[in-house]
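Here is the structure we will look at, set down as structure tokens.
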Amino acid sequence: TDAGYYYASVTIGGATATAAFKITSVQLQESDVTLDSSSFERTGSEISPAVTVKVTVNGTEITLTEGTDYEVSGDISKTDVGSYTLTVTGKGNYAGTFNKTWEITKQKATVEPEIQGWTYGETANTPGVTDSSNPENGEVTYTYYKDAECTIKTTSADGAASDGAAPKNAGTYYVRAEVAETENYAAGSGTKEFTIAKKAVTAKVTAENKTYDGTTDAVVNAVVAGKE
């Protein structure tokens, strides 16, 4: 039966004796109370840890029912990054109060750089990132590389003003965007391939007229357009 104070009466030969007795609550232990996780990554929506309370009575494990056997109070549901505490308190046939800490960590954004290639000799296009890559407008830095693994920075041999700067010479390159940590988002990075195309050149060739002299000598003039 339930915890509480009770009375038992016995009648023998017309005489009745009454005695009071008490059924005590089961004392919960710290290990009886668990959360499905103590750390959650921010999603932008409310996060609520799932609380489970299990006890073993007379060799049988029992899963308790919230609202009947215990109450949960405190930081039950949160949205923003931070550290929180909820409290589990036994009720009815169960006693004990326990605090459980949990946290929401910074969300990881998928960084997607954007850049369009150009032709050698044209003004370099400016890189950027998609809106979803940088929801809280963190600082973005761009570094240019010659390989997809981003281990070899561009140099003056590529026409870059400094190591890792935008190249000028024709070729295939990679720009790496690094978004700084913000209030609710962790730092992240992403890479985008682009190409600087070779510049087309045209040549106009003319030959001067000559009088036949039995040789193949001739005066030829050539003008190349588009070459720097």
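Please read these numbers as outputs of a predicted model, since none were measured by experiment. For this chain, numbers begin at 1 and follow the sequence in order.
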| Hey, does Y94 have a side-chain heavy atom less than 4.5 Å from the side chain of L64? | yes

| task | Answer yes or no: are there more than 12 heavy-atom neighbours, outside E183 itself, under 6.0 Å from its atom CD? | result | no

| T151 and Y145, any side-chain heavy atoms less than 4.5 Å apart | no

| task | Please check if atom NZ in K168 has more than 12 non-hydrogen atoms from other residues, nucleotides or ligands closer than 6.0 Å. | result | no

| query | Can you find a heavy atom in the side chain of T89 that is under 4.5 Å from one in the side chain of F98? | reply | no

| field | Validation row: I104, E41 side chains within 4.5 angstrom (heavy atoms) | value | no

| query | Do side-chain atoms of D36 reach the backbone of P49 as a donor and acceptor pair under 3.5 angstrom? | reply | no

| task | Check whether any side-chain N or O of N169 sits under 3.5 Å from a backbone N or O of A157 as a donor-acceptor pair, and report yes or no. | result | yes

| field | E103 side chain to Y84 backbone, donor-acceptor under 3.5 Å | value | no

| request: Using a strict cut-off of less than 4.0 Å between a Lys/Arg side-chain nitrogen and an Asp/Glu carboxylate oxygen, indicate whether E114 and K192 qualify as a salt bridge. | output: no

| said: Is it the case that the side chain of S133 and the backbone of E112 share a donor-acceptor pair, with hydrogens and angles ignored and the cut-off at 3.5 Å? | reply: yes

| request: Count the heavy atoms of every other residue, nucleotide or ligand shown that sit under 6.0 Å from CD of E30, and state whether that count exceeds 12. | output: yes

| When you check the side-chain N and O atoms of S189 and R176, is any donor under 3.5 Å from an acceptor? | yes

| query | Are K78 and E46 close enough, and set up right, to give a salt bridge (Lys or Arg N to Asp or Glu O under 4.0 Å), and what steps lead you there? | reply | CA-CA 5 Å; K78 293 292 181 180; E46 285 194 345; over 6 Å; no

| query | Do K100 and V33 come within less than 4.5 Å of each other through their side chains, counting heavy atoms only? | reply | yes

| message | Quick check: do Y120 and K198 have side-chain heavy atoms less than 4.5 Å from each other? | response | no

| Got D158 and Y173 here, is their nearest side-chain heavy-atom distance under 4.5 Å? | yes

| query | So, do P167 and I196 sit near enough that their side-chain heavy atoms are less than 4.5 Å apart? | reply | yes

| Side chains of N99 and T87, donor plus acceptor under 3.5 Å | yes

| task | Report yes or no: does T155 contribute a side-chain atom to a donor-acceptor pair with the main-chain N or O of D163 at less than 3.5 Å? | result | no

